[in-house]
Amino acid sequence: MLIVAGALALAVLAVILFEFVFSGRIKIKLPPLPGTASSAGEYDPDLLAPGVRKIMDRHLVTSITVNGEMVDGLLAISYETSPRRGFPGTKTAGFLAGDQIRYGRALVRMNERGAYFKWVDNFDRAFRPSGTAFHASALRSVETSARRTEEPKLTEQDDTDVFPEIFEPVDPHWSVTLSYARALMEGYQKYGGRDLERRIREESAVLLPVFRDRKTDSELLAGPRMLLALDEWDEPIPGSTPEPGEDAPIERSPGTHLADIDLWAMSSFARFDPAWAVIAGEWRNIVEGSLLESSLPLYASAYRSDTESYLAITGGGVMSTTREQLEIAIHLAEVGVVDRDFLSFIRSALRDEKRMPAGWNPVTGGSSGQSSSPTEYALALVLGRVANDSLLIDSARDTLMRHYASSQTSDIFGGWYRPGSSSVTYYLVAEDNTAVLLALR
């Protein structure tokens, strides 16, 4: 009996050593992540997520050459169905970092361990330019980049698994690396492992000086210039008012987009390096204090570090975009800051209109007439999950399903679509379908 007991004890000790030493199981406990499903069927009772994954693998997943190296498993921006049934459609020859990162996070949610670890390596190789600290925002073909203007047109390819062109990473930014680190930490929270811990520490070391030294600002468009309280006898400053028939000049200002500030990721970084604790607390206060003095419960678009002030809107228009507002609200809710007025505002739009506008004017309270894409409805569903708002979850899900390709004869059956370039074609967009995967799982 003693021999048997000793053998059992050795066996148990061997298992413990393997689990905690050799396999590198989770040793650092990260903050809880609200909204995480307890089972695959909790928010996906009809098992829609596997269908989304399948149609994305079929029409969007592509192998490309980046800087002379073949990289597998990247998502093209979109796929458009053919106007003729039974014929292949076309892919857009471009790749966005945000699409890939959402896909990597979705692989964790779907417990696709092997695919996730391949994704970690592939993304890092493809999107981190040589000699650059941060990951790129996009990959574009070398030929397209050579003739690129301010708004380059992306070319289309036949529905093929391999693009013949050579691609290069463009527009590196700290926010992409922060998003990538978020995907690493979600994987670490589920799988653990020394490799993920090493990668997280490396990204922390790259990002920490940027936040510690308050160098997150970049030049932003801050909307049209508005000259208020100008009396008729005043002489306006030259260039401050448009000439008759001209649009108001666009302001430019340094600032940090608040939607890029992932508060949960920063709090998680603090578990690896205590220097992040103060930074995470400061940015939580900044984002929480960004509510505008408006008739609508909207957040400022950006924060200017040098003057410690907010930019109400960014971009060339006068609207606060729906996507940006939802992303800010989600980041706040993930660290326990839930604005019930904003939740009620979004619920009302979904319940009354069965859609959300592309944005709202924070001054007049008016909304744009353009409908939102599936991405916004997926974000609303995520917000409902994070805030534990069952009414918002149900409303967002009902509206999201209006964009589901339910026809079994459709080339993109099982995915989420947008109207195509003609009345008989449809787009399968990587942004929408990766957002839906995260909302469902």
Side-chain angles (χ1 to χ4, degrees), residues 27-31 33 96-105 108 116 119-139 169-189 192-220 254-288 290 301-306 308 324 327-328 330-332 334-335:
K27 295 181 180 179
I28 298 174
K29 186 177 181 180
L30 302 186
L33 184 57
L96 300 179
D99 296 340
Q100 321 305 322
I101 292 171
R102 282 186 297 274
Y103 186 61
R105 292 174 57 198
V108 176
Y116 168 74
W119 172 86
V120 167
D121 183 58
N122 287 339
F123 180 86
D124 199 40
R125 287 190 296 120
F127 280 85
R128 195 190 293 273
S130 177
T132 304
F134 304 128
H135 293 84
S137 301
L139 302 177
V170 295
D171 304 328
H173 197 267
W174 62 260
S175 62
V176 185
T177 298
L178 180 61
S179 296
Y180 174 62
R182 161 70 180 256
L184 294 178
M185 287 186 278
E186 288 194 21
Y188 181 78
Q189 191 174 51
R194 291 183 175 181
D195 180 61
L196 287 179
E197 180 178 342
R198 174 186 59 81
R199 289 176 181 269
I200 292 168
R201 291 187 183 278
E202 289 175 352
E203 305 306 345
S204 170
V206 168
L207 289 166
L208 181 60
V210 179
F211 283 87
R212 183 188 57 212
D213 300 337
R214 300 187 177 186
K215 294 182 178 179
T216 58
D217 285 2
S218 55
E219 187 177 82
L220 307 177
T256 300
H257 279 126
L258 294 179
D260 291 337
I261 301 298
D262 191 324
L263 298 172
W264 183 84
M266 290 182 178
S267 298
S268 297
F269 267 147
R271 304 297 175 91
F272 298 90
D273 186 340
W276 278 99
V278 173
I279 295 171
E282 289 177 348
W283 276 104
R284 171 174 170 159
N285 292 334
I286 289 170
V287 180
E288 187 177 2
S290 67
S301 177
Y303 178 77
R304 181 169 176 171
S305 299
D306 58 350
E308 298 184 352
E324 189 175 61
E327 289 173 344
I328 293 171
I330 289 169
H331 289 325
L332 282 169
E334 285 180 338
V335 294

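One is the number of the first residue; the rest follow in order along the sequence.
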Side chain to side chain, [X] and [Y], heavy atoms closer than 4.5 Å:
{"X": "Asp217", "Y": "Arg304", "answer": "yes"}
{"X": "Phe123", "Y": "Leu184", "answer": "no"}
{"X": "Trp119", "Y": "Gln100", "answer": "yes"}
{"X": "Phe127", "Y": "Ile101", "answer": "no"}

If you round to the nearest 0.5 Å, how far is [atom2] of [Y] from [atom1] of [X]?
{"X": "Met185", "Y": "Arg271", "atom1": "CE", "atom2": "CZ", "answer": "11.0 Å"}
{"X": "Arg105", "Y": "Tyr116", "atom1": "CZ", "atom2": "OH", "answer": "10.5 Å"}
{"X": "Arg199", "Y": "Glu197", "atom1": "CZ", "atom2": "CD", "answer": "13.0 Å"}
{"X": "Tyr188", "Y": "Arg194", "atom1": "OH", "atom2": "CZ", "answer": "10.5 Å"}
{"X": "Ile28", "Y": "Ile200", "atom1": "CD1", "atom2": "CD1", "answer": "8.0 Å"}
{"X": "Leu332", "Y": "Ile261", "atom1": "CG", "atom2": "CD1", "answer": "11.0 Å"}

Output, in order, the C-alpha distance, side-chain angles, deciding distance and verdict of side chain to side chain contact (heavy atoms under 4.5 Å, CB included) for Leu178 and Phe134.
CA-CA 9 Å; Leu178 180 61; Phe134 304 128; over 6 Å; no
Write down the atom of [X], the atom of [Y], and the distance for their closest heavy-atom approach.
{"X": "Tyr303", "Y": "Leu258", "answer": "CB-CD2, 3.8 Å"}
{"X": "Ala138", "Y": "Leu96", "answer": "CB-CD2, 3.9 Å"}
{"X": "Ala277", "Y": "Ala270", "answer": "N-CB, 3.7 Å"}
{"X": "Gly187", "Y": "Val108", "answer": "CA-CG2, 3.9 Å"}
{"X": "Ala136", "Y": "Val176", "answer": "O-CG1, 3.4 Å"}

Look only at the side chain of [X] and the backbone of [Y], and say whether a donor-acceptor pair between them is shorter than 3.5 Å.
{"X": "Glu203", "Y": "Arg182", "answer": "no"}
{"X": "Asp171", "Y": "Ser137", "answer": "no"}
{"X": "Arg128", "Y": "Ala133", "answer": "yes"}
{"X": "His257", "Y": "Ala259", "answer": "no"}
{"X": "Arg284", "Y": "Leu263", "answer": "no"}
{"X": "Trp264", "Y": "Pro31", "answer": "yes"}

Contacts of Arg214 meeting salt bridge (charged side-chain N to carboxylate O under 4.0 Å, His left out) (sequence neighbours excluded), chain-then-number -> Glu308
Q: Answer yes if the ring centres of Phe269 and Phe211 are under 6.0 angstrom apart, and no otherwise.
A: no
TODO: Start with the C-alpha distance between Met266 and Asp262, add both sets of side-chain angles, then the distance that settles side chain to side chain contact (heavy atoms under 4.5 Å, CB included), and finish with yes or no.
DONE: CA-CA 6 Å; Met266 290 182 178; Asp262 191 324; 5.9 Å; no
| said: Gln189 vs Ser268, test: side chain to side chain contact (heavy atoms under 4.5 Å, CB included). Steps then yes/no. | reply: CA-CA 10 Å; Gln189 191 174 51; Ser268 297; over 6 Å; no
Quick one, His331 with Val287, criterion side chain to side chain contact (heavy atoms under 4.5 Å, CB included). Give me CA distance, side-chain angles, the key distance, then yes/no. CA-CA 9 Å; His331 289 325; Val287 180; 5.8 Å; no
* Asked: Got a salt bridge between Arg198 and Glu202, using NZ or NE/NH1/NH2 to carboxylate O under 4.0 Å?
  -> yes
